[in-house]
Structure formats: structure tokens, C-alpha cells
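All remarks here apply to the structure that follows.
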There are 2 protein chains.
Amino acid sequence: MNLKELSQILGLSQTTVSRALNGYPEVGEATRRRVQEAAAAHHYRPSTRAKGLATGRAMAIGHVIPVSTRHEIVNPVFADFIAGAGETYAAKGYDMILSVVDDDREARTYRDIAAKRNVDGILVHGPELNDPRIALLTELGLPFVVHGRASGVALPYSWLDVNNTRAFRRATDFLLDLGHRRIALVNGLEEMDFAARRRRGYEAALLARGVAPDPALMRSSEMTENYGHEAAAEMLRLPDPPTAFLTASMISALGVRRAIEDAGLKMGRDVSIVTHDDDLGYLRNGDGADPIFTATRSSVREAGRLAAAMLLELVADPDRTPRSRLMEATLVVGQSTGPAPQQAQAALSQRR
Amino acid sequence: MNLKELSQILGLSQTTVSRALNGYPEVGEATRRRVQEAAAAHHYRPSTRAKGLATGRAMAIGHVIPVSTRHEIVNPVFADFIAGAGETYAAKGYDMILSVVDDDREARTYRDIAAKRNVDGILVHGPELNDPRIALLTELGLPFVVHGRASGVALPYSWLDVNNTRAFRRATDFLLDLGHRRIALVNGLEEMDFAARRRRGYEAALLARGVAPDPALMRSSEMTENYGHEAAAEMLRLPDPPTAFLTASMISALGVRRAIEDAGLKMGRDVSIVTHDDDLGYLRNGDGADPIFTATRSSVREAGRLAAAMLLELVADPDRTPRSRLMEATLVVGQSTGPAPQQAQAALSQRR
DNA sequence: CATCACTGCCAAAGCGCTTTGGATATCCGC
DNA sequence: GCGGATATCCAAAGCGCTTTGGCAGTGATG
């Protein structure tokens with residue numbers, strides 16, 4: 001069923017039918033109703049391709065998911081982010097086009113996307129330090145919003161990010177307040193901007209209390225369970241092991257917990273963990289009241305919704321000056337943190 | 001840069017340029033080279049929309065991701081499946097269009113997709129028992145491949161699935177061989193076809209050994225860490241608790257492990273776990289040689305690659321009779337399983 | 001009563017590509 | 001030197017929509 005057929009059935013011109021369906025005022029109310037009913041009855045939906053050709057708008061947004069060739073890992077937060085973004089797109093009638101692409105062929109991919117003209121805008125995932133994609137997309141003139149930021153990029157651009165520095169500074173402060181001094185950082189890949197910011201927050205908090213950051217307590221890699229386990233296990237074997245861990249994701253926190261238990265220690269009593277929690281649907285941090293992990297929490301799904309909305313605004317008015325939005329993470333206290341061991345003993349003896 | 005401009009630059013007709021780029025024989029070799037070079041130099045890529053209009057092919061595949069309104073959960077295996085499918089699409093020049101949709105509005109979504117004609121085929125995720133989508137898509141005449149199967153649907157259709165029944169039957173046999181008799185099943189939602197099949201495999205294995213399936217040892221819900229924890233914790237409090245768990249995913253297995261440890265027991269010694277392992281990038285089951293969990297393993301990413309390839313074949317030749325492919329899961333033995341406790345003692349006393 | 005401003009509709013052009021149906025030039029064998 | 005392949009190229013139609021520019025008909029205005 002296409003416009004032509006529908007208009008013949010109705011005995012109207014294509015013009016009138018098109019206008020009736022798109023809400024233009026030049027068509028009588030009675031006619032409009034008649035057209036709408038016929039369209040519904042025949043399951044008519046205009047062809048996206050033809051509509052796009054005629055209007056110059058693709059009614060689609062591109063998401064480019066970088067997959068590192070070395071690691072073959074898809075960041076599991078994408079699923080939730082995309083679910084959030086998808087809600088926004090669906091509500092506004094946009095499609096979402098996904099490109100999964102090796103990170104070494106990204107530049108070419110973006111060029112192709114721009115040339116093929118099948119999206120009106122792009123959502124950029126996983127920005128790195130000095131990420132070249134921002135300059136490239138600016139040059140290509142394609143509206144885009146970055147999920148995260150790229151330190152070192154001077155150009156203005158739109159982004160939506162979590163205040164990672166502040167979140168990790170607060171988390172570190174929280175552990176310092178509990179008496180911890182040997183605090184380990186199990187970070188994400190430090191090429192990634194978010195990881196760099198988290199580290200800065202962590203270091204700033206330590207320095208503010210006169211604790212020198214110890215390189216032996218800082219690790220950086222993909223955020224997998226195995227890596228969390230390996231990093232924590234190694235650090236726990238140090239002569240002067242950490243009494244607390246700061247981890248970049250729930251998944252790596254699970255690995256850290258496993259290492260703690262392997263060492264015969266108890267999380268929350270012998271060793272504390274604070275993790276960042278993206279509030280993923282399938283990996284909720286406890287049910288409401290009493291979270292398992294003390295965590296800096298920020299919903300990545302909500303981030304998806306908001307980032308998508310920002311991008312659609314930008315698409316509607318490309319000359320708009322870049323917008324940005326900084327989401328604050330909530331520090332939720334769970335069962336994974338407690339006073340530093342010595343501290344705990346001191347408190348115990350005081351009470352006696 | 002569009003075809004018209006490019007052909008003017010070259011002093012050729014649009015016809016010739018189009019044919020040169022699409023590999024038609026009616027164009028001289030020298031001309032072809034000249035055209036190809038100019039196209040590359042000017043970063044020319046034909047507009048997908050226009051090409052689609054002219055050819056009637058969208059060069060895109062739709063993936064509809066159901067999100068249950070009740071649970072707000074995106075199955076984390078989608079990320080890896082889609083990464084796999086994306087590889088296949090990229091290699092063949094196809095785009096992937098993602099629709100995230102409430103499962104109560106699915107029928108309408110599929111109708112819309114068909115009417116909008118912006119995909120050449122659909123990959124169906126998360127089939128349920130008697131899934132109505134198969135009949136709907138067949139009626140709509142849109143090529144599709146189901147990731148999984150739908151028991152109870154009589155129509156022929158193309159699918160790619162893991163042999164879930166066999167995998168869980170083998171896993172159960174493995175536990176029975178180790179002397180376990182109280183084996184719990186922490187399953188996914190039983191509306192889902194894969195969960196129903198796994199249960200059947202589990203029950204068949206028990207019955208074959210004369211062990212009556214105990215409803216108190218069977219749970220079914222979303223595959224989250226919390227749910228695994230809750231289900232296992234409750235079952236471990238039974239007067240006659242299970243000595244082994246069979247879980248539907250690594251994530252729920254992590255929850256089960258937590259419950260085991262909460263109860264002061266040790267996984268692999270006091271209580272065994274066998275889980276299904278989708279071989280997700282960010283949640284590898286140990287590094288190679290010595291897996292953490294004993295598991296039935298099958299790469300969902302590989303499934304994505306293969307399912308996408310099947311779908312593209314179907315799109316190329318829609319009259320082709322439906323194909324199917326059953327992938328076998330490998331049973332890998334890790335540290336999470338051991339002889340049933342009484343059995344272990346018997347073995348110990350024998351050795352003395 | 002002629003004029004004017006709407007109202008409600010339509011024919012046709014155009015979006016950027018592919019493809020049909022030639023047209024022209026070249027080359028072959030006889 | 002001529003009919004017929006063969007090799008190259010082109011003009012124009014068409015894909016399904018939106019949108020421009022009109023054109024009747026209607027009621028109000030002077």
C-alpha cells in the first residue's frame with residue numbers, strides 16, 4: 001500500500017492525502033478524518049526511504065559501537081544506554097542505526113556514514129583522551145552528541161557525561177573517612193576519558209589528605225570480572241596490601257570480591273569495596289534499601305534517554321550552540337565498606 | 001557530492017558512472033578506473049535512501065529487542081549477539097536497525113516495520129513458547145530468522161538455536177555422575193522457549209536416573225544476579241537443601257555463588273554449580289585452561305554472526321525453504337563442581 | 001456587483017539513484 | 001566496402017514521497 005494507491009482509493013490527490021496525514025492546515029477536517037481512517041484501515045505507513053529522499057531527513061540516528069580488535073569486548077553498558085536512547089527515538093519516530101566497528105577503522109566508518117546520508121545525527125560512544133572523532137565529525141558537519149567527554153579536545157561540542165571526577169573523589173573521601181589509607185584503584189582502560197577522570201578524582205582526594213598515590217595500587221584494563229579478580233589478587237599479595245578497593249564497574253567489583261574471598265578475607269570487614277554502578281537492569285546492586293556494594297550510582301539508561309533527546313534537539317536545529325549536561329552520581333552506602341581494620345580495632349579497644 | 005555532480009565533473013552521464021561503480025560490464029575499463037578514482041577522491045558514496053528507492057532493497061536488517069515493561073531489563077547477551085551480527089552485516093554492506101520495544105506493543109511494531117519498508121529482513125530475539133510473532137511475520141511476508149525457537153509453532157521458519165535440551169541434560173548427567181541427587185534448577189523465565197527446553201533436559205536426565213524432579217528445587221525468573229542470589233538462598237534454607245545448582249547464565253551463577261558463600265559454604269566442595277555460559281566478552285569464565293564455573297558453553301557472538309548470515313541468504317532468495325541450525329554447547333569442567341558431599345566422604349573413607 | 005481573501009483541493013516538479021531502451025562508433029569477416 | 005556484431009555511452013523514466021505554485025469555489029467587503 002503506497003500513497004498513490006491510497007489516494008486512488010479515496011478519490012483524492014496524493015497531495016491532499018499527504019497533507020492530511022502530516023497535519024497540514026490546507027485540508028478540510030472531514031477530509032482529514034476520512035483519510036486518517038483509510039490509512040489506518042489499510043495499514044498505510046509512508047516509506048521511510050521515499051520520505052527521506054523527499055524531505056532530506058533520514059529520521060534515523062546512528063550509534064557507532066567501537067569494538068577493540070585486541071579485546072573483542074562489547075562494553076555491557078551499551079545495552080542499557082541503547083535501551084534508554086531507543087525509548088527516546090521511538091517516542092519521536094526516529095530509527096536507530098547501529099554500526100559495530102573495529103576501532104582502527106572508525107574514521108572511515110564515520111566518513112561513510114556521512115556520505116551515505118542515512119542518519120541525521122550520530123551518538124558517539126566511548127570517547128578517549130584527545131579523541132579524533134570530534135574534529136572529524138565537526139568537519140563532516142554531522143550533528144553529534146558524545147556520551148562522555150574527551151579531555152584535550154579544544155573544539156566546542158555537545159556532550160552528556162557523569163561527573164566522574166567528583167564521584168571518585170567522593171568515593172575516595174568516603175574511604176579515607178573510614179580510616180583507609182591503602183586504597184587501590186581498579187580502573188577501566190586509561191585511554192578512555194572516563195577512566196582518566198576517575199583517576200584524577202581519586203588522586204586529588206588522596207593528595208588533599210596527604211596520602212601519596214601509590215602506583216602499585218593502580219591498575220587499568222578492560223572492565224571484566226577476570227581482570228578485577230586478577231588485579232585484586234595481585235595487590236592483596238603485596239607486602240603492604242590495600243584495605244580498600246575502588247573499582248570502575250560492578251563487573252570488576254565482582255572479580256575483586258572473589259579475590260578477597262579467595263584470600264580468606266571478608267568483604268566489608270577486612271577489605272572494603274566502592275564501585276561505580278551504572279544501574280544496569282540485569283546487575284542491580286541489591287534491591288533498594290541495602291545495596292551489596294557501596295557505590296557511586298548513575299543510571300546509564302537514563303543517560304541514554306537524555307543524550308538521545310539532546311541529539312534530537314541538535315538535529316532539529318543544527319546551528320544551535322553545543323549543549324552539555326553533567327549528571328551527578330549518587331553515593332549509596334552498602335555492605336561492602338567498613339572501617340579500616342586497624343581503625344576497627346582501635347574503635348573496639350576504645351569501647352572497652 | 002552526488003551522482004549528478006560526480007558525473008558532471010567526469011563529463012559522463014549518470015548512467016555510465018552508476019554502472020562503472022556497480023560493476024556492470026557495459027563500461028570501458030579505462031573509464032571505469034577513472035570513475036572509481038574520482039569517486040574515491042571526492043568521497044562519493046551513493047545515498048542509501050535514493051539507492052533503496054530505486055532498487056527496492058533497503059540494505060538494512062531490523063533487530064527488535066523486546067524489553068519487558070515489568071522488568072525493564074535488557075538481556076545482556078544482546079550486546080554480544082549484535083556485535084556478532086554486526087560483523088556479518090558490515091562485511092556485506094548492510095546496516096542494522098535496532099528497535100527497542102515494549103513487549104506488549106510488539107505486534108504493532110512489526111507491522112510498522114513492514115509497512116515502512118526500511119529493512120529487508122528481521123532478526124527475531126527472545127522467542128517465547130507459541131510465539132505469535134512467527135505467524136505475524138510469515139503473514140507480512142518479511143524474511144526473518146529467529147534466534148532460538150518457539151515450541152508450539154507449527155509453521156516452518158528459519159531459526160538458529162543452541163541445543164539447550166541436550167546441554168542441560170548433559171549438565172544434569174554430569175552432576176548425577178558426581179553423586180548429586182538434590183539438584184536445583186535456577187532457570188530463566190519459563191515463557192521463554194530456551195528456558196522451557198533447558199528444564200526439559202534437566203527433568204529428562206533426572207527421570208532417566210530415577211530421581212523425581214522436586215518443584216521446590218526449580219525456580220524461574222529474569223537472569224539477574226539478585227534473582228540467582230535470592231533463589232539459591234531460599235533453597236539452601238530448605239530442610240533438605242540442594243547439593244548442586246544448575247543456572248541459566250553466568251550472571252545468575254554469580255548470585256548463586258554469593259548465596260553459597262553467605263551460607264558459609266564453599267562452592268565446588270560443599271555445593272556445586274553448573275551454569276550456561278554465553279561466552280560474553282566482559283564476563284569470561286576464567287582464562288582458558290581452568291574455568292571458574294563448570295559450564296555448558298556456546299558463544300552467543302558466534303550465534304549472531306551465523307544467524308545474520310542465514311538471514312542475508314534468505315533475503316537474497318526469499319523463496320528459499322526455511323533453514324535451521326542447531327549449535328551444540330560444550331561442557332567445560334571448572335572449579336565449581338565436585339562430588340556430592342556424602343559421596344566425597346565415602347570416597348575419602350575408601351581411600352583410607 | 002465586482003473584488004478580495006480564504007478555503008480546499010490538485011498537477012507536476014524534484015529528491016538521488018537504477019535501469020530500460022536506444023544511439024553511436026568501432027571492428028569483424030567476406 | 002558493407003551488413004552485422006560488439007563495445008561504449010546516453011536520455012529519460014521511475015522508485016514513493018513532499019512541496020511549490022495554482023486553480024476553482026465561497027462568503028465577506030466596499
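Throughout, protein chains are lettered first and strands after them, A, B, ... in sequence-line order, and every chain is numbered starting at 1.
- Taking the centre of each ring, B:Tyr89 and B:His63 come in below the 6.0 Å mark.
- Using a 30° and 60° split on the angle between ring planes, A:Phe78 and A:His125 fall in the perpendicular class, above 60°.
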Give me, pair by pair, the N or O atoms of the protein and of nucleotides 7-13 of chain C that are less than 3.5 Å apart, along with how far apart they are.
residue, atom, partner, partner atom, Å
C:dC9, OP1, A:Thr31, OG1, 2.8
C:dC9, OP2, A:Gly28, N, 2.9
C:dC9, OP2, A:Thr31, OG1, 3.0
C:dC10, OP2, A:Ser13, N, 2.8
C:dC10, OP2, A:Ser13, OG, 3.0
C:dC10, OP2, A:Thr16, OG1, 2.7
C:dC10, N4, A:Arg19, NH1, 3.1
C:dA11, N7, A:Thr15, OG1, 3.4
C:dA11, N6, A:Thr15, OG1, 2.6
C:dA12, N6, A:Thr15, OG1, 3.4

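- Proximity of A:Lys51 to the phosphate of D:dT18: a side-chain N or O atom is located under 4.0 Å from OP1 or OP2.
- One atom, CG of A:Asn2, and another, C1' of D:dG14, lie 13 Å apart when rounded to the nearest Å.
- Residue B:Arg117 places at least one side-chain N or O under 4.0 Å from the OP1 or OP2 atom of D:dC17.
- Contact of the A:Val124 side chain with the A:Asp131 side chain is not registered, since no non-hydrogen atoms from C-beta on lie closer than 4.5 Å.
- One interatomic measurement links the two molecules: CG of A:Asn118 to P of C:dG16, which rounds to 15 Å at whole-angstrom precision.
- Atom CE in A:Met59 sits about 14 Å away from atom C1' in D:dT18, given to the nearest Å.
- Distance from the side chain of A:Leu53 is smallest for C:dC15 among the nucleotides C:dC15, D:dT18, C:dC17.
- When atom types are taken as modelled, the side chain of A:Asp80 and the backbone of A:Val300 share no donor-acceptor pair closer than 3.5 angstrom.
- The distance from atom CD of B:Glu5 to atom C1' of C:dC15 is 13 Å, rounded to the nearest whole Å.
- Residues A:Ser18 and A:Thr15 bring no donor and acceptor atom of their side chains to less than 3.5 Å of each other.
- Straight-line distance from the CG atom of B:Leu21 to the C1' atom of C:dG16: 14 Å, rounded to whole Å.
- Atom CG of A:Leu6 is separated from atom P of D:dC17 by 9 Å (rounded to the nearest Å).
- In this model, the phosphate group of D:dT18 is approached by a side-chain N or O of A:Asn22 to a distance below 4.0 Å at OP1 or OP2.
- Across its full length, the helix from C:dC1-D:dG30 to C:dC30-D:dG1 shows an angle of 60° between the axes of its 5 terminal pairs at either end, rounded to 10 degrees.
- Remark: A:Arg45 engages B:Asp112 in a salt bridge, criterion side-chain N to carboxylate O under 4.0 Å.
- No salt bridge links B:Asp193 with B:Arg149; every basic N to acidic carboxylate O contact stays at or beyond 4.0 Å.
- In terms of phosphate contacts, B:Tyr24 brings no side-chain nitrogen or oxygen within less than 4.0 Å of OP1 or OP2 of C:dT18.
- Using a 4.0 Å cut-off between charged side-chain N and carboxylate O, A:Glu128 and A:Arg133 make no salt bridge.
- Distance NZ (A:Lys116) to P (C:dG16): 17 Å, rounded to an integer number of Å.
- Protein atom NZ of B:Lys4 is 15 Å distant from nucleotide atom P of C:dT18, rounded to whole Å.
- Taking a 6.0 Å sphere around CZ of B:Arg325, one finds it holds 12 or fewer heavy atoms contributed by other residues, nucleotides or ligands.
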